[in-house]
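Here is the structure we will look at, set down as structure tokens.
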Amino acid sequence: MEQAIRAALSPDYPWADRFHYFDTIDSTNNFLKRQALLGAPHGTVAVADCQTGGKGRLGRSFQSPGGVGIYLSMLLRPECPQEQLMHLTCAVGTAMCDAVDASAGFRPGIKWTNDLVWEKRKLSGILVELLNDTNGKLCVVIGIGVNCCQRPEDFPEELRDKAVSVREAGVTVPRAAVAAGIITRLDDLLLRQRILSQPTAALIGELTRRSCTVGSRVEVISPTGEYEALAVGIAPDAGLIVELPDGTRRTVSSGEVSVRGLLGYT
């Protein structure tokens with residue numbers, strides 16, 4: 001698949017020498033974290049056909065079988081404080097929507113803050129990890145997993161009503177085309193437009209339009225407790241605005257809480 005991805009990238013893609021491909025690896029995120037400590041540059045990308053140790057948020061495992069999915073990570077070296085990156089997962093979500101739309105012809109929704117959803121089932125997950133290199137410089141590794149070619153029976157039984165693939169959406173498209181579309185859109189949004197340190201109004205507007213969470217009742221899970229609320233909007237910093245039963249509103253951050261839908265996956 002490596003040559004197919006390279007062939008699908010635009011000739012003006014500037015990071016071809018920073019592209020790494022593996023038939024099998026423990027985790028593309030783990031690889032880039034190791035490379036970051038060795039000085040790998042901004043924009044380095046890793047793609048794998050199969051991961052033996054794929055993971056999602058909160059230490060959960062991410063099923064990464066060979067031949068059916070896209071497992072991709074990108075290394076960023078932002079020139080801004082960590083606290084200015086709270087919107088990054090949401091920005092990646094909008095880029096992913098664009099990439100799937102351009103390569104597969106349908107546009108998924110975003111479950112705040114880190115999943116793409118189609119027909120109320122999970123199509124893709126996003127994991128953003130931060131670390132400091134040996135010089136104390138902040139590095140960000142964005143990990144992406146996309147269910148591309150799975151049939152329903154390919155998913156573990158406990159996930160069949162929660163997961164979906166590009167194929168199940170009625171689209172047959174080479175994985176390489178989807179992977180190249182993701183790399184291209186991330187390059188455009190994060191590296192060329194340089195929105196790393198500050199979300200734009202256009203980004204927040206797109207995130208709001210694509211959100212499957214806004215308008216839904218959710219359960220907010222925080223270190224201090226759990227409560228139910230209505231998700232009513234996206235804040236300028238990409239936090240989720242929720243309304244409590246007494247009518248008061250607050251903004252929750254992905255770095256502080258988890259949100260899960262009460263009526264279905266979203």
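These values consider heavy atoms only, across backbone and side chains, with no hydrogens, waters or symmetry-generated copies. Counting from 1, the numbers follow the sequence of the chain as shown.
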Exercise for the section: Check whether any side-chain N or O of Thr184 sits under 3.5 Å from a backbone N or O of Ala180 as a donor-acceptor pair, and report yes or no. Expected result: yes
Problem - N/O donor-acceptor pair under 3.5 Å between Arg175 side chain and Gly69 backbone - result: yes
Practice task
Taking the side chain as every heavy atom from C-beta outward, state whether His42 and Leu75 have any pair of such atoms under 4.5 Å apart.
Solution key: no
Exercise for the section: Give a yes or no on this: more than 12 heavy atoms of other residues, nucleotides or ligands lie within 6.0 Å of atom CD of Glu157. Expected result: no
Practice task
Determine whether Trp112 and Val218 make a side-chain contact, defined as any pair of heavy atoms from C-beta on separated by less than 4.5 Å.
Solution key: no
Fill in the blank from the handout: Partner of Ile144 under side chain to side chain contact (heavy atoms under 4.5 Å, CB included), picked from Ile70, Thr28, Leu186, Val47, is Leu186
Practice task
Compare all side-chain heavy atoms of Met96 with those of Ile182 and state whether any distance is below 4.5 angstrom.
Solution key: yes
Practice task
For the pair Asp26 and Arg34, find out whether any cationic side-chain nitrogen is under 4.0 Å from an anionic carboxylate oxygen.
Solution key: yes
Exercise for the section: State, with a plain yes or no, whether a side-chain heavy atom of Cys80 is found less than 4.5 Å away from one of Leu85. Expected result: yes
Practice task
Could you tell me whether the side chain of Asp101 reaches within less than 4.5 Å of the side chain of Phe106, counting heavy atoms only?
Solution key: no
Practice task
Quick one: name the residues clustered hydrophobically with Leu38, using the 4.5 Å side-chain heavy-atom rule over I, L, V, M, F, W, Y, and just say none if it's on its own.
Solution key: none
Practice task
State whether Lys33 and Glu129 are salt-bridged, where the test is any N-O pair (Lys NZ or Arg NE/NH1/NH2 against Asp/Glu carboxylate O) under 4.0 Å.
Solution key: yes
Handout entry: Phe22 ring center within less than 6.0 Å of Phe31 ring center
Key = yes
Problem - ILVMFWY network linking Val214 to Ile241, side-chain heavy atoms under 4.5 angstrom - result: no
Practice task
For Ser253 and Gly239, indicate whether the former's side chain and the latter's backbone hold a donor-acceptor pair under 3.5 Å.
Solution key: no
Problem - Hydrophobic cluster identity match, Val252 and Leu230, side-chain contacts under 4.5 Å - result: no
Exercise for the section: Look only at the side chain of Arg77 and the backbone of Ala36, and say whether a donor-acceptor pair between them is shorter than 3.5 Å. Expected result: yes
Problem - Electrostatic pair Glu206-Arg209, nearest N-O below 4.0 angstrom - result: yes
Exercise for the section: Identify whether NZ of Lys or CZ of Arg in Arg6 sits under 6.0 Å from the centre of the six-membered ring of Tyr21 and within 45° of that ring's axis. Expected result: no
Exercise for the section: Please examine the side chains of Val164 and Lys120, heavy atoms only from C-beta on, and report whether any two atoms are closer than 4.5 Å. Expected result: no
Practice task
Answer yes or no: is there a side-chain heavy-atom contact under 4.5 Å between Lys122 and Lys162?
Solution key: no
Problem - Short N-O contact, Arg121 and Glu168, less than 4.0 angstrom - result: yes
Problem - Main-chain N/O of Met1 paired to Gln3 side chain as donor or acceptor, under 3.5 Å - result: no
Fill in the blank from the handout: For Leu138 and Pro78, the nearest pair of non-hydrogen atoms, with its separation, is O-CD, 3.7 Å
Handout entry: Side chain proximity check, Arg167 to Arg151, heavy atoms < 4.5 angstrom
Key = yes
